[in-house]
There are 2 protein chains.
Amino acid sequence: MKIDPSKPADLSAQIAAAIRDAIIGGDLIVDERLPSEAELADHFNVSRPTVREALKRLAAQSLIRTQRGASGGAFVNRLSFEDAYAQQITTSTLLLSMNAVSFDTACEARFALERACAPLSAQRRSADHLATMRAEIHRQQQPGLTDEAFCASDVAVHRALVDGAGNPVLSYQLAGAVEAMQPLMNMITFSARSREEIVAMHTELADAIEAGDGPTADAVLLRLEDYTRTLARDVMAARAARASS
Amino acid sequence: MKIDPSKPADLSAQIAAAIRDAIIGGDLIVDERLPSEAELADHFNVSRPTVREALKRLAAQSLIRTQRGASGGAFVNRLSFEDAYAQQITTSTLLLSMNAVSFDTACEARFALERACAPLSAQRRSADHLATMRAEIHRQQQPGLTDEAFCASDVAVHRALVDGAGNPVLSYQLAGAVEAMQPLMNMITFSARSREEIVAMHTELADAIEAGDGPTADAVLLRLEDYTRTLARDVMAARAARASS
DNA sequence: AGACTTTTAAATGTCAGACAAATAAAATCT
DNA sequence: AGATTTTATTTGTCTGACATTTAAAAGTCT
């Protein structure tokens, strides 16, 4: 583990970077125990609070976990897909909300990625994935459903589609794109009419997936993308017009 | 901002979560200044070091930045695409290295996502993106090129392809998938023969992109995927055979 | 001897108070 | 008025201490 140049004033960041590099570089193996805070403080010639700040940075990225007690300490964490999903969703949500990424751009990205999954999902989806899609589509036809519940169900359908591809890396990549858009989606699927259209396309999608027909699934997604983007444009335009009145 | 239940013992994590929720929920706007550490400590009824650990957690995720001095403090950070890329790459690298994700799975995901970009890139790429691809392909034909340099150039070609789609969300999503695989790719493109094949396909790809021909670009990527995965399988098999001897 | 209980030690979690360094605003001087 | 100095605020860091948790060691009883 390297030592820090004494010049700049952000020791905890430097220490965090040193340990992070050691983990990524393979010098520290999964479940390996790091030296105690006191030992690290001694090693880097800093105080324990400074070491602790560095460790908290790493903990925030799920790179380490800590355990109290006699044989406790900081351990290199095996980054689970769940942790990765959560980080991905947080990051994506912030990117969309803070960087003036238009709904249109986000939507294009989302459907592009989903269409990449469609042929794989058509080929490999389990009965379980298909059943989930069917169940969610059925729920979407309930009259009393709130907008939030409808959108959550919408996400669940697409999630099942992606998971059906059986590639956890793809599922991870898409988690952010799909989930981060949900708040935006909530604003545009308000009318009974649009729900009807969406349910119809979901049904077609499920049929294609059931039949193992990738190209048709792709075509449905393309139409769904087009419909969603047009709907969003109209909603935004209407909102803008109302705002200026 | 909510208060923490006094029960569990991880105050800094709770405080970090409270502030994070405030940022994601829009209660704290970009560039808004948070209360000083002393004020936060008073607010949450904890000590300053505890507050600092919470702030370092947020800083590790690029959610805040801090500034020393009279009118300094912690400010809500506008998450830049660059920061998001970096996090994405770190997370993806760890996922691949620690979760026994096979090269094959990662490769499938990568090409699926790239193929999603291909039609968009064929339609919208700038002259700059195309020039970058051509230049990198030219470099790949230099005889003295190291394996690392060849692979870096390979990544640059695919990067230019993805960026050519003009969708920053897609670029962000793909950054992890492509860059995280580079170390693995280094191991399989060692022979002159494979370089030759790859350069040929890169050239076809650039031609298709230049002609605005999405379907052909897609077909080339499909062949490149197949070639890469086959090559990787052979290399792995050879390595396994050598190891058992 | 073997199983259960108690003690102990090591580690993280938290706190308090202090000083250093940076920085912008206020006060002062030319 | 403009330039310079002072001052106040805030983060960065250190020292030292105590609380809490937890596993292992020591001790005790059957």
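Within every chain, numbering begins at 1; the chains are lettered A, B, ... in the order of the sequence lines, protein sequences first and strands thereafter.
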Please determine whether a side-chain nitrogen or oxygen atom of B:Ser12 lies at a distance below 4.0 Å from atom OP1 or OP2 of C:dG13.
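No, no such contact exists.
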Do [X] and [Y] pair up side chain to side chain, a donor and an acceptor below 3.5 Å, judged on atom types alone?
X: A:Thr50; Y: A:Ser47; value: yes
X: A:Glu108; Y: A:Thr105; value: no
X: B:Asp163; Y: B:Ser171; value: yes
X: B:Ser126; Y: B:His129; value: yes
X: A:Gln61; Y: B:Arg57; value: no

Under a 4.0 Å heavy-atom cut-off, which of residues 56-64 of chain A touch DNA chain C?
A:Lys56
Expressed as a whole number of angstroms, how long is the span from [X]:[atom1] to [N]:[atom2]?
X: A:Asn45; N: D:dC14; atom1: CG; atom2: C1'; answer: 12 Å
X: B:Phe44; N: C:dC15; atom1: CZ; atom2: P; answer: 13 Å
X: B:Leu11; N: C:dT12; atom1: CG; atom2: P; answer: 17 Å
X: B:Leu55; N: D:dG12; atom1: CG; atom2: P; answer: 9 Å
X: B:Leu40; N: C:dC15; atom1: CG; atom2: C1'; answer: 17 Å
X: A:Glu53; N: D:dT11; atom1: CD; atom2: P; answer: 12 Å
X: A:Glu39; N: C:dA11; atom1: CD; atom2: P; answer: 6 Å
X: B:Asp10; N: D:dT20; atom1: CG; atom2: P; answer: 16 Å

From the options D:dT13, D:dT10, C:dG13, select the nucleotide whose nearest atom is closest to the side chain of B:Ser36.
D:dT10
Of all the nucleotides listed (C:dT14, D:dT13, D:dT10), which has the minimum atom distance to the side chain of B:Arg52?
D:dT13
With heavy atoms under 4.0 Å as the rule, sort A:Arg65 into base, sugar-phosphate or nothing.
nothing
So, taking the atom named CG in A:Leu55 and the one named CG in A:Leu40, what distance separates them when rounded to the nearest 0.5 Å?
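Interatomic distance, A:Leu55 CG to A:Leu40 CG, rounded to 0.5 Å: 6.0 Å.
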Residues that A:Glu136 engages under salt bridge (Lys or Arg N to Asp or Glu O under 4.0 Å), provided they are two or more places apart
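Partners of A:Glu136 under the salt bridge (Lys or Arg N to Asp or Glu O under 4.0 Å) test: A:Arg139.
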Where at least one partner belongs to residues 94-104 of chain B, residue pairs that pass salt bridge (Lys or Arg N to Asp or Glu O under 4.0 Å), sequence neighbours excluded
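Qualifying pairs: B:Asp104-B:Arg229, B:Asp104-B:Arg233.
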Please list all pairs meeting salt bridge (Lys or Arg N to Asp or Glu O under 4.0 Å) that have one or both residues in residues 66-92 of chain B, counting only residues at least two apart or in different chains.
none
Quick one: closest heavy-atom pair of A:Arg159 and A:Ala175, and the distance?
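Smallest interatomic distance, heavy atoms only, reads NH1-CB, 4.0 Å.
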Encoded 5' to 3' (Watson-Crick or G-U under 3.5 Å; [ ] crossing; | other strand), DNA chain C becomes ||||||||||||||||||||||||||||||
If you draw the axis of the six-membered ring of A:Phe103, does the NZ or CZ of A:Arg239 fall within 45° of it and under 6.0 Å from the ring centre?
no
For B:Ile19, the option from B:Val76, B:Val51, B:Ile24, B:Leu58 that meets side chain to side chain contact (heavy atoms under 4.5 Å, CB included):
B:Leu58
Across nucleotides 16-23 of chain C, 5' to 3', mark each nucleotide with B, S or - according to how protein heavy atoms within less than 4.0 Å reach it.
--B--SBB
